[in-house]
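One structure is given here, and the rest of the page talks about it.
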Amino acid sequence: MKMTFRWFGQDDPVTLQNIRQIPGIYGIVTALYDVPVGEAWPMPSILALKETIESAGLRLAVVESVPVHEDIKLGRPSRDRLIDNYSQTIRRLGAAGVPVICYNFMPVFDWTRSNLAHVLPDGSTALTFENETISRMDPVNGDLSLPGWDASYTKDEMGQLIAAYADVTEDVLFDNLAYFLERIIPVAEEAGVVMAIHPDDPPWPIFGLPRIVSSMAQLRRLTEQVESPANGITFCSGSLGANEANDLMAIIRHFGSLGKLHFAHTRNILRTGPRSFQESAHLSSDGSIDMTRVLEALHATGFEGPLRPDHGRMIWGEQGRPGYGLFDRALGAAYLNGIWEALSKTRS
Ligand code: DNO
Ligand code: MN
């Protein structure tokens, strides 16, 4: 396992120097944030990013994410040109030595929460998802916007986009994913890169939009559609674990043994009700997920890929991007490294 940490580039209040001082850190998970979705990433920018990370004594371990344009998810005619651009980005990242690309296939919204700063009894704040609140939210007419979302849409554009999904059933969305995979996976193979799809977060449909990457069966369907080690997954314990029905250890065993588990996000969540959860500290005792069992399953499959702590709480007065402060994620990394060391010394 290689411990990694997400960094949002030069504007991130968490610096590469901060990250380097976390014990046991191997590399960085990041992306180019100034390229419009759908355009090929310029090689000079990729190389400059890599250089910045390496001169801080770290490695560019994973690109998370190369976003997929909505026209590809919708299966619009412009998708062929957009898939060509995406392929170009894959080739360039491969040429720059990036081994893993994380991406997702969630319509319109990336990860979604109802509250970004829910105050916990100890005074820290955490992200939460309350089904009640979300079902009352109106993304088009309300004043809702969240940091995971593509801020380049106006409300009008978002309304049109959501309307465009009216005829996109789960099967249509799957066909559009298959069309995309059939074209990009051979490119990734040639470029020496593996693709790691991130599960839906949360793992159920929101705002009436279909979601098709929420369960083991769905992950199997898409990875079996184009059989290749380059067509793999990001295992995210917090996303998949929000649905109690997902058997996390079985998912790890299945994809791990097939060599299709390329990247892991290991964070904890506390399930607080039907389709509702709170992002807890990483510790098993703070949430619903047994983190030792998760890491044990990864360890048992011989997992050697990148792994990162995921969203943390905001603690010790830290301000900044919700979920992505330094302190609680660094505690998470130390905790996960501790579990991993114990497993490595006691298991063969
Ligand atoms: C949230 C993240 C997601 C993730 C993308 C991957 O914090 O886990 O935004 O990066 O869904 O494509
Ligand atoms: Mn994740």
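Read the numbers this way: they start at 1 and go in the same order the structure lists the ligands and their atoms. Given the structure is predicted, the values throughout are model-derived calculations rather than measurements.
The shortest N/O to N/O separation between D310 and ligand 1 does not fall below 3.5 Å. Between E64 and ligand 1, at least one N/O pair is under 3.5 Å apart.
By the 4.0 Å heavy-atom criterion, G323 is excluded from the residues contacting ligand 1.
For the side chain to side chain contact (heavy atoms under 4.5 Å, CB included) test with E64, the passing option among I101, V29, T30, V100 is V29; the others fail. Only one option out of I339, L248, L307, I289 pairs with T266 in a side chain to side chain contact (heavy atoms under 4.5 Å, CB included); it is L307.
Using a cut-off of 4.0 Å between Lys/Arg side-chain N and Asp/Glu carboxylate O, R211 and D201 are scored as not salt-bridged. Note on K260 versus E227: salt bridge recorded, some NZ/NE/NH1/NH2 to OD/OE distance being below 4.0 Å.
Numbered from 1 in the order shown, with element, the atoms of ligand 1 that lie under 4.0 Å from a heavy atom of Y103 read 12 (O). Under a 4.0 Å criterion applied to the non-hydrogen atoms of N104, ligand 1 contributes the atoms 5 (C), 6 (C), 11 (O), 12 (O). Which parts of ligand 1 touch C102 is read off a 4.0 Å heavy-atom cut-off, strictly below it: atoms 6 (C). Those atoms of ligand 1 with a heavy atom of H311 less than 4.0 angstrom away are 1 (C), 7 (O). Near M106, with a cut-off below 4.0 Å to any heavy atom, the atoms of ligand 1 are 11 (O).
Between the side chain of E296 and the backbone N or O of T292, no donor-acceptor pair lies under 3.5 Å.
Considering just the N/O/S atoms of H265, the one nearest the Mn ion (ligand 2) carries the name ND1. Looking at D310, its N, O or S atom nearest to the Mn ion (ligand 2) turns out to be OD2.
Neither the backbone nor the side chain of R267 comes within contact range of ligand 1; no heavy atom lies under 4.0 Å. The part of D110 lying near ligand 1 is the side chain, judged by heavy-atom distances below 4.0 Å. Contact annotation: for Y324 versus ligand 1, heavy atoms closer than 4.0 Å belong to the side chain alone. Contacts with ligand 1 closer than 4.0 Å are made by no heavy atom of C236, backbone or side chain.
Looking at F255 and H262, their side chains never come closer than 4.5 Å, going by heavy atoms from C-beta outward. Put simply, the side chain of L298 reaches to within 4.5 Å of the side chain of W340, judged on heavy atoms.
Residue E132 places its CD atom among 12 or fewer non-hydrogen atoms of other residues, nucleotides or ligands, all under 6.0 Å distant. Counting non-hydrogen atoms of other residues, nucleotides and ligands closer than 6.0 Å to CD of E182 gives a total above 12.
Backbone or side-chain N, O or S atoms of H311 do not reach the Mn ion (ligand 2) at under 2.8 Å.
For the pair R329 and Y324, the NZ or CZ position fails the cation-pi test of under 6.0 Å to the six-membered ring centre and within 45 degrees of the ring normal.
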